[in-house]
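To start, the structure itself, in C-alpha cells.
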Amino acid sequence: MNQIDRLRKTAAQYGQEHLFQYWESLSDDQRSVLLDDIERIDFATLAKLVADQDTGAMSVDESKIEAPPVYPQCAGDEHAQLYASATRLGETMLADGKVGAMVVAGGQGTRLGFDAPKGTFPISPLRHKTLFQLFAENILNLNRTYGCKMPWYIMTSSATDAPTRTFFDENDYFGLDRADVFFFEQGVMPAVDDDGKIILCQPHRVAISPNGHGGSLLAMRDKGVLEDAARRGVEVISYFQVDNPLVSPADPLFIGLHANSQSQMSSIAVPKADDLEKVGNFVSLDGKVQVIEYSDLPDELAHARNPDGSRKLNAGSVAIHLIDRAYVESLTGDGELSLPWHRARKKVEYFDLATSSTVEPVAPNATKFEMFIFDAIPLATQSIVLEQPREECFSPVKNAEGVDSAATARRDMVRRAASWLEQCSVEVPRDTVGEPQAIIEISPLRAISAGQLKQSMTGALKINPEEKLYLE
Ligand code: UTP
C-alpha cells in the first residue's frame with residue numbers, strides 16, 4: 001500500500017478522515033507537507049486521550065502528603081563531610097566525561113511573544129548575550145575547569161529546529177566543538193476540537209504542537225541521544241530549561257550527591273517565595289518524591305505550617321534535574337513512555353471552509369496534550385532533592401513583562417554578579433533599598449561561581465555608582 005492510501009486508511013480508522021478533505025485542491029508540494037504532518041501523528045495514543053475524559057489534573061489525597069527529604073543548601077556540621085566528598089566525586093565524574101548537558105528548547109514561548117526560538121533571546125545586561133551563548137560559555141568554562149569535553153544535547157521542535165541550528169552555525173557554535181553539540185527534535189501531538197477531531201490550521205497543515213518537555217525522554221531514545229551518550233561514556237544527563245539564564249549546566253555537588261545516593265533522577269529545589277507561588281511543589285507520597293503542580297495543590301496544603309511556623313511544603317521546583325542515562329533507557333526501552341498526559345485548553349488557529357481562511361479564535365477552542373518531565377520522578381526507585389539559593393540558580397524568562405520577564409532576569413543577573421563580587425571583598429555601591437547601583441555582568445568564561453571569581457581576581461577593583469562593568 002502506498003503512503004497516501006496507508007495514511008488515509010489510518011486516519012479513517014480513527015475517525016480523522018477529514019484531514020484529507022482539501023486533498024483534491026492541494027498542489028503536489030502541499031500534499032507532501034500534509035502527508036509529512038499526518039505521518040507524525042500517533043493516532044492510537046490520541047484516540048485514547050480523546051476517549052479518556054480524565055483532565056490530567058492530579059487528585060491528591062492530602063492526608064498522605066508529606067514534605068520530602070531535602071538536602072539543605074548550607075552543609076552545616078551534619079552534612080559538611082558528605083558535601084565535601086560529594087563535590088569531589090562530582091568533579092571526578094565531570095573530569096571523566098561522565099556528565100552530559102541537555103537543554104529543552106522546543107517550547108513555543110507564547111507568553112514571551114518573541115518570534116524566534118527563545119534560546120536566541122538576548123538577555124545579558126550589558127553584552128546582550130543570548131541564552132544559548134550563556135549556556136555555551138558555561139560549558140566552555142566547565143570543559144576548561146575539568147579538562148573534559150562535555151556533550152551538549154539541545155532538544156528542539158519543528159518550529160525551533162531549523163532556526164536554532166542556523167543560529168549556532170552563524171555564531172560558530174560560540175567556540176564549542178561542533179561534534180559535541182547534538183540537536184534533536186522532539187515529538188508532537190495534534191490539537192483537537194471539542195469533538196475530538198484533529199484541527200487543520202491550513203488545508204495542508206495539521207495543528208500539531210510539541211508534546212511537552214516530558215517528550216524529551218522518548219526523543220532521547222528515538223533521535224540517538226542515548227546512543228551518543230553511551231558511546232561517549234556519559235552516565236548522567238544534566239537537564240535544564242532554555243529560559244533560565246542563571247542555571248549552571250553542571251554542579252559538582254549536585255552530581256556527587258546524585259551518584260552517591262544512587263538516585264536515578266534528582267532535582268534542584270528553591271525555597272518557595274510564597275505559599276501560592278506558581279511553581280511545582282516537591283512532596284513525598286507513599287515514600288516517593290514527586291512534584292505536584294501549583295494548580296493541583298490544595299490551598300490548605302499550600303498554607304500548611306510546621307510546628308515552628310515554617311512552611312510545610314517549601315521546596316519549589318525549578319526544572320533542573322540530573323537523570324541517569326540508564327534510567328531513561330529503562331523508561332523508554334520498548335519505544336513507549338508511560339508518563340501521564342496533561343491537557344490544556346488553548347486558542348488554536350483553524351482553517352474555516354466558509355471563508356477559506358485561517359481563523360484566530362478569540363476564546364479557547366481546542367485541547368492540547370503534553371507530557372511533563374517531572375512525572376518521571378516518582379517512577380524512579382531512588383530520587384533526591386537538593387535545595388539551592390534561588391538567587392544563584394533560577395530566574396526564568398517567561399513573560400514579556402512583569403514577573404519572570406527579561407527585566408527581572410537581567411536584574412537577578414546583576415544582583416548575583418554583585419553578590420559574587422562582594423564575596424570577593426569588592427565593595428559594590430548599593431542604593432537605599434539595597435539594589436546594586438552599577439550594572440555588572442560577569443562572563444561565564446571568566447567565572448561560573450563566586451569561588452571561581454575569587455581565584456580569577458588579581459588586583460583591587462573599585463566600582464562607581466552608575467558604572468557599567470563587564471568582567472570577561
Ligand atoms: P514552558 O512550560 O515555559 O513553555 O516550557 P513554553 O512553550 O516555553 O512557553 P509558553 O508556555 O508557550 O509561554 C518550559 C521549558 O520546556 C521547554 C521550553 O522550551 C522551556 O525550556 N519545552 C516546553 C519544550 O522543550 N518542549 C515542549 O513541548 C514544551
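These numbers come from a predicted model, not from an experiment. Throughout, residue positions are numbered sequentially from 1 according to the sequence presented.
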Interatomic distance, Gln133 atom CD to Ser443 atom OG [nearest 0.5 angstrom]: 8.0 Å

So which pairs with a foot in residues 254-265 pass salt bridge (Lys or Arg N to Asp or Glu O under 4.0 Å), sequence neighbours left out? none

Pairing residues for Arg415 by the salt bridge (Lys or Arg N to Asp or Glu O under 4.0 Å) criterion, not counting sequence neighbours: Asp412, Glu435

Distance only, no hydrogens: is a donor on one side chain within 3.5 Å (strictly under) of an acceptor on the other, for Asn211 and Glu370? no

Roughly how far, to the nearest 0.5 Å, is CD of Gln3 from CG of Asp36? 7.0 Å

Tell me which pairs pass ring pair (Phe, Tyr, Trp, His ring centres under 6.0 Å) where either residue lies in residues 241-297, with sequence neighbours left out. none

Going by salt bridge (Lys or Arg N to Asp or Glu O under 4.0 Å), name the residues that satisfy it together with Glu39, two or more places apart in sequence or in a different chain. Arg6

Taken to the nearest 0.5 Å, the spacing of Asp228 CG from Phe184 CZ works out to 10.5 Å

Pairwise side-chain contact, Lys129 with Glu441, heavy-atom cut-off 4.5 Å (strictly under): yes

Mind jotting down which residue pairs meet the salt bridge (Lys or Arg N to Asp or Glu O under 4.0 Å) criterion with at least one end in residues 140-155? Sequence neighbours excluded, please. Lys149-Asp177, Lys149-Asp180

Value rounded to 0.5 Å, distance of CD in Glu472 from OG in Ser456: 12.0 Å

Going by side-chain contact (heavy atoms from CB on, under 4.5 Å), name the residues that satisfy it together with Ala366, two or more places apart in sequence or in a different chain. Ala191, Ile199, Val348

According to salt bridge (Lys or Arg N to Asp or Glu O under 4.0 Å), who are the partners of Asp286, at least two apart in sequence or on a separate chain? Lys64

Centroid separation Phe168 to Trp152 less than 6.0 Å: yes

Among Asn143, Thr145, Asn138, which residue satisfies the side chain to side chain donor-acceptor pair (under 3.5 Å) criterion with Asn141? Thr145

Which donor-acceptor pairs under 3.5 Å do the side chains of residues 93-108 make with protein atoms, sequence neighbours left out?
from: Gln108; atom 1: OE1; to: Lys368; atom 2: NZ; distance (Å): 3.1

For residues Tyr239 and Ser216, determine if any side-chain heavy atom of one lies less than 4.5 Å from a side-chain heavy atom of the other. yes

Side-chain contact, heavy-atom cut-off 4.5 Å: Pro151 with Val234? yes

Partners passing side-chain contact (heavy atoms from CB on, under 4.5 Å) against Thr120 (at least two apart in sequence or in another chain): Phe114, Ala116, Pro117, Phe132, Phe167

Passes salt bridge (charged side-chain N to carboxylate O under 4.0 Å, His left out), Arg325 versus Glu329? Steps please. CA-CA 6 Å; Arg325 172 175 55 80; Glu329 284 165 357; 2.8 Å; yes

Salt bridge (Lys or Arg N to Asp or Glu O under 4.0 Å) pairs touching residues 240-255, sequence neighbours excluded, are Lys118-Asp243, Asp243-Lys398

What I'd like to find out is whether the side chain of Gln13 reaches to under 4.5 Å of the side chain of Phe43, using heavy atoms alone. no

For atom NZ of Lys312, decide whether the heavy atoms of other residues, nucleotides or ligands shown that lie under 6.0 angstrom number more than 12. yes

How about Asp334: does its CG atom have over 12 heavy atoms from other parts shown lying under 6.0 Å from it? yes

Heavy-atom donor-acceptor pair, His128 side chain to Pro122 backbone, under 3.5 Å: no

Ring-ring centroid check Phe240 Phe135, cutoff 6.0 Å: yes

Under 6.0 Å between the ring centres of His342 and Phe369? no

By side-chain contact (heavy atoms from CB on, under 4.5 Å), Arg390 pairs with (sequence neighbours left out) Val270, Ala273, Glu277, Phe394

Over 60° means perpendicular and under 30° means parallel, so tell me whether Phe374 and Phe372 are parallel, tilted or perpendicular. tilted

Rounded to the nearest 0.5 Å, what separation is found between the OG atom of Ser395 and the CZ atom of Arg411? 6.5 Å

Would you tell me whether Arg343 and Thr367 have side-chain atoms, one donor and one acceptor, within less than 3.5 Å of each other? no

Apply salt bridge (charged side-chain N to carboxylate O under 4.0 Å, His left out) to residues Arg40 and Glu185 and explain how you reach the verdict. CA-CA 12 Å; Arg40 305 181 73 192; Glu185 203 177 311; 3.0 Å; yes

Where at least one partner belongs to residues 65-77, residue pairs that pass salt bridge (Lys or Arg N to Asp or Glu O under 4.0 Å), sequence neighbours excluded: none

